[in-house]
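Written below as structure tokens is the structure these notes are about.
The model shown is predicted, which means the values in this text are computed figures rather than measured ones. Reminder, nothing fancy here: chain letters follow the sequence lines and each chain counts from 1.
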Amino acid sequence: MKFVEKMKCLFHYYPKNASFSSFFNSFTTHQLTTLTAFPQDPQILLITLCSNGQLKEALIEMAAQGLEMKFEGYDMLLNACIKRRAFREGQRVHAHMIKSRYLPPLYLRNRLIIFYGKCDRLRDARNVLDEMPEKNVVSWTAMISAYSQRGSASQALDLFVQMLRSVTEPNEFTFATVLSSCTGTFGFELGRQIHSLIIKRTLDTHIFVGSSLLDMYAKAGRIHEAREVFESLPERDVVSCTAIISGYAQLGLDAEALELFRRLNLEGMTSNYVTNASVLTALSGLAALDLGKQVHNHVLRCNLPFCVVLQNSLIDMYSKCGNLIYSRRVFDSMPERTVISWNAMLVGYSKHGMGREVVELYELMRNENKIKPDSVTVLGVLSGCSHGGMEDVGLKIFDEMVNGKDGVEPDIEHYGCIVDLLGRAGRVEEAFEFIKKMPFEPTAALWGSLLGACRVHSNIDVGEFVGRRLLEIEPENAGNYVILSNLYASAGRWEDVRMVRDLMMKKAVKKDPGRSWIELDQTLHSFHASDRSHPRRQEVFAKLKELSIKLKEAGYVPDLSCVLHDVDEEQKERILLGHSEKLALTFGLISTSDRTPLRVIKNLRICVDCHNFAKFVSKIYLREVCLRDKNRFHHISKGICSCGDYW
DNA sequence: GTAGGGTTAG
């Protein structure tokens, strides 16, 4: 009894504006259990019930206490509801306050905002804020945070601006929160102004504010500014390090992300699952399978919590490194999956041209009926049907989507998949009609996909129309000129071939430099066209010469139409032989033992000649070649490619 | 009491 008396005394003197829950959390479970064994002060009973997680009983007690309910009781109840995200229960507590005409102090109103925010009830949270006779920095920040975490960036920014006009000054919590909503053109402009404000208050080296700031710059594509903020931080922690690594990775600066990850590890950075998920994104981009496996091992060894996000990253990494068996193994082992897990697996099959597996998995997803498909799901399925030669299934799924069966709103990308699908199947005219009837303005990418189909199926009428249209709306894209010129060449229209080439020279079209690479023993060997920088370049070029002769004897004919430079044939052949994917492939041949499969990655689409070259290599040297280009995987074996020569 | 980084697609 002594203990109970002592506690009652403590309650009495406990400061009224302080959190009661924190006071009570300092008691051990044993002490709390002891308490329940004694005749109760109603207030103590309520507190004990909340601490034991007996929310239902606590609500009954609240009803019984009626007008006697006090600050401490409400505080405990709300605290329990926030912890458990118990919306209905919390709502009853709020209703009880109103019914008893209890006027909650500022602190409790703030707790209500936090409670509603965590339960996704933004409208309710906002009502509490709007009805407050006075607000402090916590009230504003809690509401801004609620908006920002629910993805309502513009509302978060609006409220922040409103706060600046009020008497309350933002603090480091507010800045760290609001910066995470500074995305898009407008958000970024405001973010810059906030940055100046932060500098004025010498808050720019605050670790929370700083990481939020650097993340904002990175997401706006300003990686140098992000790096500057990162370097100016007086101390670093796992979040700021992860923010900068993921900044690089998300911009496709995979090598830089990896480099930084390695350096920070050497400096003693502790990584967590977010860091590892981010570095896996970079490794996916690089197709660095050995390094990816290393991260996987590391995660297992360190007993990092194996959360869905990390597993999703692993699925994606293995699939982008060409190892779908491993992807599926991770997928199958997951106790819980999100829509992203399904999407990553579906997109994996799709990029490998495995249409049947895509459709099977999609059916499994729908039969399980646990996770709802989203826009990316359908995109993966449609493109999987297209790449996997399952036109009818794809069209059926698209129809269902348009009729609202999936609950997914079709957008221009989905229409693009159908254009691709029809074009691939040789139904070029139909694809053309489909575009004309779309409820969207066709994009350059969409016309581009139709132009590709026109070339493969030699449809000069549609192709000429589409090609000229494309040169108008996207004159800087070299790829369009190449395809149109190929199309004219296939029809023997040499005048037009010359015209397209001249036009291309005149418009000074810059082409993305092609790059290919191959991973050997955890090292990436990268090549660009006619690259002479690799330490083993002489061996590579010697082998390439040998290959050229050997392959020609076997029937390989260089496709000179892939070279648009106005040079003689001999030189064209030399240019063609210097393509980066041929260099990487040749390097793989001389650096690995017989029959080892070769995995080559190219940053752009593979050219027709290199594709053909790889097919001959696979046949003559009995090698399996797995080639990842910008669009998809090519599994080449015994002279045959999984893409069916259409990509 | 309020705070920063993450996974698919493009």
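Nearest to the side chain of A/Gln149, among B/dA3, B/dG6, B/dA9, sits B/dA3. Counting only heavy atoms from C-beta on, A/Val238 has its side chain closest to B/dG5 among B/dA9, B/dG1, B/dG5.
When only modelled atom types and interatomic distance are considered, A/Tyr74 and A/His96 share a side-chain donor-acceptor pair under 3.5 Å.
Between the NZ atom of A/Lys118 and the C1' atom of B/dA3 there is a distance of 10 Å, rounded to whole Å. In this structure, A/Phe440 places its CZ atom 14 Å from C1' of B/dG10, rounding to the nearest Å.
Taking the side-chain contact (heavy atoms from CB on, under 4.5 Å) definition, one finds that A/Lys372 meets it with nothing, sequence neighbours left out.
In this model, the phosphate group of B/dG5 is not approached by any side-chain N or O of A/Ser211 to a distance below 4.0 Å at OP1 or OP2.
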Return all side-chain donor-acceptor pairs below 3.5 angstrom for residues 329-337 of chain A, not counting sequence neighbours, or 'none' if the list is empty.
| residue | atom | partner | partner atom | Å |
| --- | --- | --- | --- | --- |
| A/Asp332 | OD1 | A/Arg328 | NE | 3.1 |
| A/Asp332 | OD2 | A/Arg328 | NE | 3.4 |
| A/Ser333 | OG | A/Val330 | O | 2.8 |
| A/Arg337 | NE | A/Phe331 | O | 3.1 |
| A/Arg337 | NH2 | A/Phe331 | O | 3.1 |

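Ring orientation note: the planes of A/Tyr415 and A/Phe440 are nearly perpendicular, at an angle over 60° on the 30°/60° scale.
Contacts of A/Leu382 with the nucleic acid, taken as non-hydrogen atoms under 4.0 Å apart, are absent. A/Thr275 comes within 4.0 angstrom of a nucleotide base, judged by non-hydrogen atoms across all strands. As judged by a 4.0 angstrom heavy-atom cut-off over every strand, A/Val178 is placed among residues making no nucleic acid contact.
Not a single donor-acceptor pair, N or O on each side, falls under 3.5 Å between the base of B/dG4 and the side chain of A/Ser212. If you check distances only, the side chain of A/Asn272 never reaches the base of B/dG6 with a donor-acceptor pair under 3.5 Å.
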